[in-house]
Undergrad: 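Here's a structure for you.
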Protein chains: 2
Amino acid sequence: MYSIDNKQYPCSTSLTMRYIGGKWKAVILIHLIEKKRYSELRKECKVITERTLSLHLKEMEADGLITRTVHTSKPPLKVDYELTQFGKTLIPVLKAIAEWGKDTAENNDRISFVK
Amino acid sequence: MYSIDNKQYPCSTSLTMRYIGGKWKAVILIHLIEKKRYSELRKECKVITERTLSLHLKEMEADGLITRTVHTSKPPLKVDYELTQFGKTLIPVLKAIAEWGKDTAENNDRISFVK
DNA sequence: CAGTATCCTCACAGATACTG
DNA sequence: CAGTATCTGTGAGGATACTG
């Protein structure tokens, strides 16, 4: 049994899911394997609303998975996000997830491509 | 862009998360790497309520990840669950997730053991 | 033993508008 | 450009009691 910030996780699997679970965190993280500006990230994740994207970025920054760097002092701002050393330890997991999705899509009749 | 049952997934990562995302699915699946009776599963996943466990099992059966087998015709019932061939393709992903959680717990000061 | 049935709540996520 | 503010809805998940 593990505990972070007074929340409990019964096993190592549930611990990992607290970092990358939810609908979008893994998706955002995989896009941040390469450092990226906020606007680029938004373009690549059009289906995620700005509010959700922004909240997730803050959470993952607080979790120590990513860093946020501001390069200007006045608007227009230039901000980029990248994985921390800790965040980078997730890369093999994220790649396994992405790969399974790809392989599954190719071999499962219930899944179709659109657009 | 992928589609299943009229729901859309923008990338292979989000597709995988639709199968193993949420708070408990990966946890349940990892316990089912070995075939197990319902009561065993319940004991090992005490923190998951019966309702949630039951609903997730049904969903994952509908998704083709697990099979449910009934071995008796009258109560008391004997039921066991196991991964399908399709479900088994997830094992490497599940193990990567569990392993990351384990390694992280050992090396992160914010995470503590309890009980 | 292996679940359902109800009821409930609250975090997640969407839509839209606004700002340093 | 890179967000925040507000308002709102849905559904995942929890608590408790009951059943074939």
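Just so it is clear: chains get the letters A, B, ... in the order the sequence lines come, proteins before strands, and each one is counted from 1.
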Undergrad: From C-beta outward on B/Ser39, which listed nucleotide comes closest to its side chain: C/dA15, C/dA2, D/dG3?
TA: C/dA2
Undergrad: Which base sits across from D/dG20 as a Watson-Crick or G-U pair, both distances under 3.5 Å?
TA: C/dC1
Undergrad: Report, as yes or no, whether the 6.0 Å neighbourhood of atom CD on A/Glu34 holds more than 12 heavy atoms from other residues, nucleotides or ligands.
TA: no
Undergrad: Should A/Arg37 be listed as having a side-chain N or O under 4.0 Å from OP1 or OP2 of D/dA2?
TA: yes
Undergrad: Applying a 4.0 Å non-hydrogen cut-off, can you work out what B/His71 is touching in the nucleic acid: base, sugar-phosphate, or nothing?
TA: nothing
Undergrad: Hey, would you say the B/Tyr9 and A/Trp24 ring centroids sit under 6.0 Å apart?
TA: no
Undergrad: Which one, D/dA15, C/dG3, C/dA15, comes nearest to the side chain of B/Val79?
TA: C/dG3
Undergrad: Separation of B/His56 atom NE2 from C/dG3 atom C1', in whole Å?
TA: 16 Å
Undergrad: For A/Leu77 and D/dT4, what is the distance between atoms CG and C1' respectively, to the nearest whole Å?
TA: 13 Å
Undergrad: Side chain of A/Thr52, heavy atoms from C-beta onward: which of D/dC1, C/dA13, D/dG14 has the nearest atom to it?
TA: C/dA13
Undergrad: Closest approach to the side chain of B/Ser54, judged atom by atom: which nucleotide of C/dT4, C/dA2, C/dA15 is it?
TA: C/dT4
Undergrad: For a quick test of reading the model, state the closest non-hydrogen atom pair linking A/Tyr19 to A/Lys25 and the distance between them.
TA: O-CD, 3.2 Å
Undergrad: Please tell me if A/Arg42 has a side-chain N or O lying less than 4.0 Å from either OP1 or OP2 of D/dG3.
TA: no
Undergrad: Within the 4.0 Å heavy-atom criterion, would you say A/Lys25 contacts the bases, only the backbone, or no part of the nucleic acid?
TA: nothing
Undergrad: Is it true that, when you exclude A/Glu99 itself, more than 12 heavy atoms of the residues, nucleotides or ligands shown sit nearer than 6.0 Å to its CD?
TA: no
Undergrad: To the nearest Å, give me how far apart CD (B/Glu50) and P (D/dC18) are.
TA: 14 Å
Undergrad: How many Å lie between CG on A/Leu53 and P on C/dT16, as a whole number?
TA: 18 Å
Undergrad: Using whole Å, what does the distance between atom P of nucleotide D/dG3 and atom NZ of A/Lys36 come to?
TA: 15 Å
Undergrad: Could you state the atom-to-atom distance from CG of B/Leu55 to P of C/dC8 in whole Å?
TA: 18 Å
Undergrad: Testing the basics here: between A/Tyr2 and B/Ala105, what is the closest heavy-atom pair and its distance to 0.1 Å?
TA: CE2-CB, 3.4 Å
Undergrad: Name the nucleic acid region contacted by A/Lys23, choosing base, sugar-phosphate or nothing; use a 4.0 angstrom heavy-atom cut-off, strictly under.
TA: sugar-phosphate
Undergrad: D/dG14, C/dG14, D/dG3: which one has an atom nearest the side-chain heavy atoms of A/Tyr38?
TA: D/dG3
Undergrad: So that I can tick it off, tell me whether B/Lys36 and B/Glu82 are bridged by a salt bridge, with the cut-off set at under 4.0 angstrom between side-chain N and carboxylate O.
TA: no
Undergrad: Could you pick out which residue, A/Pro76 or A/Trp24, lies toward the 5' side of DNA chain C when each is mapped onto its nearest nucleotide?
TA: A/Trp24
Undergrad: I need the NZ-C1' distance between A/Lys58 and D/dG3, as an integer number of Å.
TA: 9 Å
Undergrad: Ignoring backbone atoms, establish whether B/Arg68 has a side-chain N or O less than 4.0 Å from OP1 or OP2 of C/dA2.
TA: no
Undergrad: Roughly, in whole Å, what's the span from NZ in B/Lys43 to P in C/dG3?
TA: 14 Å
Undergrad: Classify the side chain of B/Arg51 versus the base of D/dG13 as yes if they form a donor-acceptor pair under 3.5 Å and no if they do not.
TA: yes
